[in-house]
Peer 1: 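First the structure, then my questions, so here it is.
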Amino acid sequence: MGRGRAKAKQTKVARELKYQTPNTDLAALQRELGGSGKSDHDFVDDYKDYVDDDDEDHDADDEPKSWPSPAR
């Protein structure tokens, strides 16, 4: 068996996915998209004490001044 059968099967599956109209449960979709009503403001970040968001602490020593030239 060569590549022909595999390609034919892939083409068949792709065509079915392209032209098939699935039965969509719109009520379930609406419930899923509606969310739980909890906003992002209620989010509790357990790791906020460990994260340093201050950009002023950025040291110049963290980055090399110039990249070394490659050895030939």
Side-chain angles (χ1 to χ4, degrees):
M1 286 194 273
R3 170 96 169 100
R5 280 192 184 181
K7 185 175 181 187
K9 184 169 184 174
Q10 289 175 348
T11 303
K12 178 183 175 186
V13 170
R15 192 171 289 126
E16 287 175 359
L17 289 173
K18 182 177 180 179
Y19 295 112
Q20 178 184 13
T21 55
N23 296 333
T24 305
D25 186 1
L26 296 176
L29 180 62
Q30 185 177 12
R31 284 192 306 271
E32 183 178 338
L33 294 176
S36 64
K38 186 175 183 180
S39 69
D40 290 339
H41 299 289
D42 298 335
F43 177 73
V44 177
D45 189 4
D46 295 334
Y47 298 101
K48 68 180 176 182
D49 297 334
Y50 303 107
V51 176
D52 184 19
D53 289 336
D54 194 13
D55 289 337
E56 295 173 6
D57 292 340
H58 181 69
D59 295 330
D61 298 335
D62 291 344
E63 295 179 8
K65 301 207 181 338
S66 65
W67 292 97
S69 60
R72 292 188 178 192

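These numbers come from a predicted model, not from an experiment. These numbers come from the heavy atoms of this one structure, side chains and all, not from hydrogens, waters or symmetry mates.
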Peer 1: Taking Lys12 as the fixed residue, which of Lys9, Arg15, Glu16 is the one that meets the side chain to side chain contact (heavy atoms under 4.5 Å, CB included) rule?
Peer 2: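 Filter result, single survivor: Glu16.
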Peer 1: Under the side chain to side chain contact (heavy atoms under 4.5 Å, CB included) test, which residues partner Lys7, sequence neighbours left out?
Peer 2: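 With neighbours one apart ignored, the set is Arg3, Thr11.
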Peer 1: Can you tell me if Gln30 has over 12 outside heavy atoms packed within less than 6.0 Å of its CD?
Peer 2: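 Check fails, neighbour count at 12 or below.
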Peer 1: Could you pull out all residues at least two apart from Ala28 that satisfy side chain to side chain contact (heavy atoms under 4.5 Å, CB included)?
Peer 2: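 Once residues adjacent in sequence are excluded, the partners of Ala28 under the side chain to side chain contact (heavy atoms under 4.5 Å, CB included) criterion are Asp25, Arg31.
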Peer 1: Go through the structure and list residues passing side chain to side chain contact (heavy atoms under 4.5 Å, CB included) with Asn23, not counting sequence neighbours.
Peer 2: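 Applying side chain to side chain contact (heavy atoms under 4.5 Å, CB included) to Asn23 gives none.
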